[in-house]
> 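Sharing a structure, written as structure tokens. Questions coming.
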Amino acid sequence: MPRSFTEQVVREGTVTMKDWIKSQIILTTITLVGLLVGLNLIGIEHWILASVAITFIDLLPVLGLSVTMIPWAFYKMVFADDTRTGLWIFFLFLIIMALKQILDPFVRAFSLGISPWEEIIASLAGFVLLGMNGIGLILGPVVYIVGKKVYRTMNPLSEVGDRQSTGYFDRGFGQRPEKPKEDPTAGAIDITDDVVEVTEEETSQT
């Protein structure tokens, strides 16, 4: 029995949120590993506890690495009179942030099943429409993907030229259209009629 529009939205929304959580776990792991390695090399005491705490705060909405690492670096340089450690903490912050910004579109795109360009544009659209609270960066790609999947489900493939298509939504930005599947019987030669004719001629001669 075909699903209704609402059922399709709920189903695809649930699947998309699971995929988004998977991408978030990957990005969080990257952050945690970077902090563990960096703080250990800097020589921070209790570096494991500090890495876990900073990673946990980074998971909270709106907040991020800048909420913890920049004040920490400032405190080390100004109040603790430890310029070297403060600078290294600040440099570590810049490195991890740059790494996350580079990998974020690719990790999310891979987990969500879209191209990096689609993820970036959907995130920017959500950010612009919902304001600077960070929620739009999450909801933008989710709404886009759910809409794309529901559209493809509710609109079966139709022949367009030499391939099947559902319009734009059969592919995404930067993705090549799928090649049409070749019919394995397209180049086959049917000799059934010739065999039947030869058989009939032999029968009539006998």
Side-chain angles (χ1 to χ4, degrees), residues 8-39 41 51-73 88-155 163 165-179:
Q8 286 289 345
V9 171
V10 172
R11 178 179 178 276
E12 299 299 347
T14 302
V15 173
T16 301
M17 285 304 301
K18 290 180 179 179
D19 293 337
W20 182 87
I21 292 173
K22 180 174 68 175
S23 69
Q24 190 64 35
I25 292 174
I26 296 173
L27 292 170
T28 301
T29 303
I30 294 173
T31 301
L32 179 60
V33 171
L35 287 170
L36 287 171
V37 174
L39 295 181
L41 292 176
S51 300
V52 173
I54 295 172
T55 303
F56 176 77
I57 295 175
D58 184 48
L59 285 172
L60 300 178
V62 182
L63 303 180
L65 293 176
S66 58
V67 174
T68 53
M69 298 194 72
I70 291 180
W72 188 14
W88 276 117
I89 292 174
F90 182 72
F91 288 148
L92 177 62
F93 161 75
L94 294 179
I95 292 171
I96 295 177
M97 284 299 296
L99 187 64
K100 287 182 64 177
Q101 293 300 318
I102 294 173
L103 295 179
D104 192 305
F106 295 94
V107 171
R108 294 195 192 282
F110 176 78
S111 299
L112 297 173
I114 58 177
S115 71
W117 284 112
E118 287 177 289
E119 202 280 334
I120 292 173
I121 293 174
S123 296
L124 291 177
F127 182 79
V128 172
L129 293 175
L130 298 179
M132 301 178 62
N133 53 14
I135 298 178
L137 296 175
I138 300 173
L139 291 182
V142 171
V143 172
Y144 170 78
I145 294 164
V146 172
K148 179 176 180 178
K149 290 182 178 179
V150 171
Y151 178 87
R152 293 182 65 178
T153 302
M154 303 296 288
N155 295 269
R163 67 184 181 88
S165 173
T166 55
Y168 159 72
F169 286 102
D170 66 333
R171 56 190 178 91
F173 294 106
Q175 294 179 346
R176 296 180 179 177
E178 295 181 359
K179 294 182 179 180

> Nearest 0.5 Å, please: how far is OG1 in T68 from CD1 in I54?
4.5 Å

> Is any side-chain heavy atom of K100 less than 4.5 Å from a side-chain heavy atom of D58?
yes

> What I'd like to find out is whether the side chain of L59 reaches to under 4.5 Å of the side chain of Q24, using heavy atoms alone.
yes

> For D104, which residues count as a side-chain hydrogen bond (donor to acceptor under 3.5 Å, both in side chains) partner, sequence neighbours excluded?
R108

> So, using side chain to side chain contact (heavy atoms under 4.5 Å, CB included) as the criterion, who are the partners of I25 when residues are at least two apart?
I21, T29

> Could you tell me which non-hydrogen atom of M69 sits nearest to which non-hydrogen atom of I89, and how far apart they are?
CE-O, 3.6 Å

> What heavy-atom pair brings P105 and Q101 nearest, and what distance separates the two atoms?
CD-O, 3.3 Å

> For L35 and I96, which heavy atoms make the closest approach, and how far apart are they?
CD2-CD1, 3.5 Å

> Shortest non-hydrogen contact from S66 to P71?
O-CD, 3.2 Å

> Sequence neighbours excluded, which residues qualify as side chain to side chain contact (heavy atoms under 4.5 Å, CB included) partners of L103?
I30, L99, V107

> So F91 and W88, would you call those rings parallel, tilted or perpendicular, with 30° and 60° as cut-offs?
perpendicular

> Quick one: pull up CD1 in I70 and CZ in F93 and give me the separation to the nearest 0.5 Å.
4.0 Å

> For the residue pair S51 and L39, what are the closest heavy atoms and their distance?
OG-CD1, 3.4 Å

